[in-house]
2 protein chains.
Amino acid sequence: MSSSRATLIQVAERAGVSLASTSRALHGTGASPAMVERVRAAAAELGYSPDATGRSLRMKRTFQVAFAVADIGNPVYVEMLTAIHEVLAPHGYRVVVMSTGQTVASTVDLVRSLGSGFVDGLVVSPLRTDDTLVEAIRQAPVPVVVIGRPLDGIDSVSTDSAAGIGLAVAHLLEIGRRRLGFVNGPLDTTPGAARQRGFDAATADPAFAGEHAETERADDFTVTAGLEAGRRLLARGGLDAVVAANDLLAIGVIRAAGELGLTVPGDLAVTGMDDTEIGKVFRPGLTSVSLGSAERGRLAALLVLDRVGDGAEPVQQAAVGPHLVVRESTAVASKEKSAR
Amino acid sequence: MSSSRATLIQVAERAGVSLASTSRALHGTGASPAMVERVRAAAAELGYSPDATGRSLRMKRTFQVAFAVADIGNPVYVEMLTAIHEVLAPHGYRVVVMSTGQTVASTVDLVRSLGSGFVDGLVVSPLRTDDTLVEAIRQAPVPVVVIGRPLDGIDSVSTDSAAGIGLAVAHLLEIGRRRLGFVNGPLDTTPGAARQRGFDAATADPAFAGEHAETERADDFTVTAGLEAGRRLLARGGLDAVVAANDLLAIGVIRAAGELGLTVPGDLAVTGMDDTEIGKVFRPGLTSVSLGSAERGRLAALLVLDRVGDGAEPVQQAAVGPHLVVRESTAVASKEKSAR
DNA sequence: ATGAAAGCGCTAACAA
DNA sequence: TTGTTAGCGCTTTCAT
């Protein structure tokens, strides 16, 4: 940590030209080659680097975008963050990570705090939504892009997780499973509600007619909660497949199956959702519905970038389709590899 | 996105008092109750919220701290980020995530960019280090805390990963393994070098005298690289245990073992390092050396917080001790659970 | 092409 | 306790 930094004024004095010319020269806008040369040299000698705060105050742009989620430790959000950073950084934007908290109220607070003008835009993926949040987002002083359920008049990047659950159910039917369990997370969350809707719709479909379907709800979208819910669900017996609302729950269910001596996929086929790294390396490899987390992050970042650019376009609502990635946890012919 | 926000001046006019009084009233410093009341009311009516940029310019503090790593997708760094955010947010600090890139040069650039004054401090965990980086950090215009190898005259939070490898080796000897393989990542990285040193020291120890030890180097600290290195190592045969330089490599090694028909821990005991979530849910549960990632993040955040506060203290070098977490991948009596 | 000067929103030193 | 005023570092009119 050394002495305080050189300012533009000092560079100007050093170069023996005006402040305005110095600024112009450094930006290459309307300055003679000689001037540019002179100023560049002076700046270099002083080790000048422009002050972001002064610049921001004047330009009314911070070159920062916030990304807010409830739990930055969740692999899905990590993927989004990575993608967002990859898009934004090359454009000179910094990424500020923030927490929405678990409640709508705290998310509303977060959105309101944008009034302090520390970022030019926000990408947020709220776990829970209500009218106050929608209104807060509409009133927000900077562009907000929601990753999640599309909201009226608000830019969003969504995916159809309900249809995604449908994909999983269809796949299980196709490989001959008939008695399905569904392990969902909390129903009062946006993803929880959507996935439940998806499961109910899929099992109400004529194609599923007459088969068995039941739901067990986990307290949270975690492995531990999945394990507990899995135990409750499987203890009742009679299932040959479980659809889990995300990969972490799926892994919990597989552990519960193991405790009961059930093999996966032999006795029980299991599907997850989100297609996370963890599901890829897990044994058995987890069949999962990809919701394109990285892609959603990428699109959301592109969208804010548009908005902060100028952005009087109409509301943008992008969508990323779900797709199934089949792995061992739903393999048709179960060849146990561990035998020896 | 609504019309532009109210400024302090407008609040002052509305309240019919001076700008300074308004500022003071809002901060509760030296203002009469009546004044506070009046100003509060005016601010509320206008929906005023203070502008972070104006404030920063004046106070010369941004209330932001940067966290920079090579790969924000790595679970270890995610844990650090989470911990850092948890410490900093309650103190009113925002966290900006940045990338060091893969090379020392890009990390140096990152540190130099702090000259733009967009953060009050930096927590960085460099993959590679050299004199130019050390010098850049020393010259940095804001406090920098390094998570990694302690560097002369620089605040740091370190851990002894070499000793950590020693813990793993000792544990394997204790459970009767005698022919050890070591799968390390790139040697030109700080962690790679330290872990190699740890393995070499542990296997040179008298306690290990006469036993077998060999090293295989992976291209990267990933599952895929671990799988490839594991194949090469295990193809040569004759090992009863493998120490991996991190959890991802360990999982790769276990997969390689599976391909060769080796059971874990029956035929081959495997240890990882970092004690990540992924190792906890993996089957078999992965024995791993915890390096206290979250704790290191927490301490680093506390350290920058101190520094940005005032911070003319001497150089601070905190350390977090490694400890072994034993799970099934090194179980003594291997009871195969999958049998059925 | 260059210079002079205003002003972004805020806090703090100083005066009253 | 309150008001007046300077100024943080920068970009950008406006005049030359």
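Not measured: the values here are computed from a predicted model. Chain naming here is simple, since letters A, B, ... match the order of the sequence lines and numbering starts at 1 in each.
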So, does [X] get its side chain near the phosphate of [N], meaning an N or O under 4.0 Å from OP1 or OP2?
X        : N       : result
Ser21(A) : dT2(C)  : no
Thr7(A)  : dC8(D)  : no
Lys60(A) : dG9(C)  : yes
Thr53(A) : dC10(D) : no

Whichever of Gly54(B) and Pro33(B) has the more 5' nearest nucleotide on DNA chain D, that residue is Pro33(B)

Query - DNA chain D: 5'-proximal contact among Leu57(A) and Gly30(B) (nearest heavy atom) - result: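 The residue whose closest nucleotide sits nearer the 5' end is Gly30(B).
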
* State, yes or no, whether a side-chain contact exists between Val76(B) and Ser293(B) at a heavy-atom distance under 4.5 Å. =>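 Val76(B) reaches Ser293(B) side chain to side chain.
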
- Message: In the structure I gave you, are the side-chain heavy atoms of Pro50(A) and Tyr48(A) within less than 4.5 Å of one another anywhere?
- Response: yes

Heavy atoms only, 4.0 Å cut-off, all strands: where does Ser23(A) land among base, sugar-phosphate and nothing?
base

Atom pair distance, as rounded to whole Å: [atom1] in [X] and [atom2] in [N]:
X        : N       : atom1 : atom2 : value
His27(A) : dT2(C)  : NE2   : P     : 17 Å
Ile9(B)  : dG3(D)  : CD1   : C1'   : 14 Å
Glu13(A) : dC10(D) : CD    : P     : 13 Å
Arg55(B) : dA12(C) : CZ    : C1'   : 13 Å
Arg61(A) : dT12(D) : CZ    : P     : 11 Å
Gln10(B) : dC10(C) : CD    : C1'   : 13 Å
Leu26(A) : dG9(D)  : CG    : P     : 16 Å
Arg58(B) : dA6(D)  : CZ    : P     : 13 Å

Donor-acceptor under 3.5 Å (Thr190(B) side chain, Leu127(B) main chain)
yes

What nucleotide among [options] has an atom nearest to a side-chain atom of [X]?
X        : options                  : result
Arg24(A) : dG3(C), dG9(C), dC14(C)  : dG3(C)
Met59(A) : dT1(D), dA12(C), dT12(D) : dT12(D)
Pro50(A) : dT11(C), dT2(D), dC10(D) : dC10(D)
Leu19(A) : dC10(D), dG7(D), dT2(D)  : dC10(D)
Ala20(A) : dT12(D), dC10(C), dT2(C) : dT12(D)
Ser32(B) : dC10(D), dT2(D), dG9(C)  : dT2(D)

Qualifying salt bridge (charged side-chain N to carboxylate O under 4.0 Å, His left out) pairs, either residue in residues 22-46 of chain A, two or more places apart =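 Of all non-adjacent pairs touching residues 22-46 of chain A, those that pass salt bridge (charged side-chain N to carboxylate O under 4.0 Å, His left out) are Arg14(A)-Glu45(A).
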
Aromatic ring pairing Tyr93(B)/Phe63(B), orientation class (parallel under 30°, perpendicular over 60°, tilted between):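 The rings of Tyr93(B) and Phe63(B) sit tilted, inter-plane angle from 30° to 60°.
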
List in chain and number order the residues that pass salt bridge (charged side-chain N to carboxylate O under 4.0 Å, His left out) with Arg55(A), two or more places apart in sequence or in another chain; answer none if no residue qualifies.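 Testing Arg55(A) for salt bridge (charged side-chain N to carboxylate O under 4.0 Å, His left out), a comparison that skips the adjacent residues, returns none.
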
